[in-house]
Structures are given as C-alpha cells and as structure tokens.
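For reference, the structure is listed below as structure tokens.
Chain letters run A, B, ... following the sequence lines, proteins first, then strands; residues in each count from 1.
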Amino acid sequence: MPRNWLMKSEPEVYSIHDLRRDGRTGWEGVRNYQARNFLRDDVRPGDRVLFYHSNASPPGVAGLARVARAGYPDPTARDPDSEYYDPKASEADPRWFTVDIEFQEAFPALVSLGDLRATPGLEKMLVINKSRLSVQPVTDAEYDIVVRLGRGAAPG
DNA sequence: GCCAACGTTGGC
DNA sequence: GCCAACGTTGGC
C-alpha cells in the first residue's frame, strides 16, 4: 500500500494551523467505511500526509503531516457527548478508527484544487474525481509534485 | 446557499 | 439482495 495519503479536514473545524499549534492530533470523526478501512488497515507510522482543506474557498492542500500512530479505535465513536458518537460502536466492535498525525509544515500558499487539476502528472489524483473520500492514497510521484508546488517551485 | 454526486439505511 | 429514499459531502 502507498506510503502517502491525502486527508481532508474542513479548516473551520480543524486546519493545518490548528495542527501546527497542537503539534499532534488524533484524526477522529471519520465515518466513511472506505476511509475507515484505510485508517484501520493501511495507514502506518511514518507515512506522509497531504493535509487538505475541504469546504474552503478555495479548497486545496495546505501543508504536510506525518503519521505518528497507526489505527486504533476512535474514542469519539463511544463518547455520547461527541458529535461523532455512534451507538453501534462497542469495545468488542469499535466500528470506527483513527490515527495520530503530527505537524510537518504549512505551505506558504495553498495548492488549490484548481492547481491540482491544472498540473500535469496529477490527473489521476483521487481528490479530483472521488472528491468525497476523506482519506485517500497518493502515489510517490503525485506527492512529490504537490510538495514542490506547495513550497513555491514552478510546476514541472 | 445551492445542488450534484454519492454513501447509507431500511422496507420489501 | 434490491433499490428508493434519505442524508451528507463538498465544490461552486
């Protein structure tokens, strides 16, 4: 499985700047089975993360993080006070999983979804065509291109 | 705020 | 197991 991921968060809920402040956070609240399976089965410590701001204007990749802890049961699923509470989750069957990620860097400027669409080599990025998947694999080549864009180098 | 796309739920 | 209804996501 890939060693790079794109993870989406609404910046009004939790942004790359919140992650910089916190240093490390649990990626909680994922309630989609395909994304859950990645978190539970495939995301591993040391994996690289493109931190994507969704529902923003514009949306795009805001910076980089690194996986600090592999998948474990999402505690918010069993917290009745959490907006992510799921009464069907139990200790025996946690149902939802989370990983911990730690801050790496915030890009000087967002790499917008429009930038991603316009950049050769990124045509197959899932975020472009399967935009609703909140945790998605990214190839090494795609990751390198996005990082170069984010750090301000000219495309190509 | 709108709405298209898509994932989930539940009746049958 | 199908599929219509419903709810959510997320770009615009």
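In terms of the salt bridge (Lys or Arg N to Asp or Glu O under 4.0 Å) criterion, residue partners of A/R48 (sequence neighbours excluded) are, by chain and number, A/D140. Applying the ring-ring contact (aromatic ring centres under 6.0 Å, His included) rule to A/Y52 yields no partners; only residues at least two apart in sequence or on another chain are considered. Partners of A/Y33 according to the ring-ring contact (aromatic ring centres under 6.0 Å, His included) rule, which considers only residues two or more places apart in sequence or in another chain, are A/W96.
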Under 3.5 Å donor-acceptor pairs involving side-chain atoms of residues 15-26 of chain A, not counting sequence neighbours:
from: A/S15; atom 1: OG; to: A/H17; atom 2: N; distance (Å): 3.1
from: A/S15; atom 1: OG; to: A/D18; atom 2: N; distance (Å): 3.2
from: A/S15; atom 1: OG; to: A/D18; atom 2: OD2; distance (Å): 3.4
from: A/H17; atom 1: ND1; to: A/R20; atom 2: NH2; distance (Å): 3.0
from: A/D18; atom 1: OD1; to: A/R21; atom 2: NH1; distance (Å): 3.0
from: A/D18; atom 1: OD2; to: A/S15; atom 2: N; distance (Å): 2.8
from: A/D22; atom 1: OD2; to: A/Y14; atom 2: OH; distance (Å): 2.6
from: A/R24; atom 1: NH2; to: A/D100; atom 2: OD2; distance (Å): 3.1

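Residues in residues 78-91 of chain A take part in these salt bridge (Lys or Arg N to Asp or Glu O under 4.0 Å) pairs, two or more places apart or across chains: A/D86-A/R95.
The residue among A/N129 and A/N55 whose nearest nucleotide of DNA chain B lies closer to the 5′ end is A/N55.
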Write out a two-atom table: protein N or O, nucleotide N or O from nucleotides 7-10 of chain B, distance below 3.5 Å.
from: B/dT8; atom 1: OP1; to: A/Y33; atom 2: N; distance (Å): 3.4

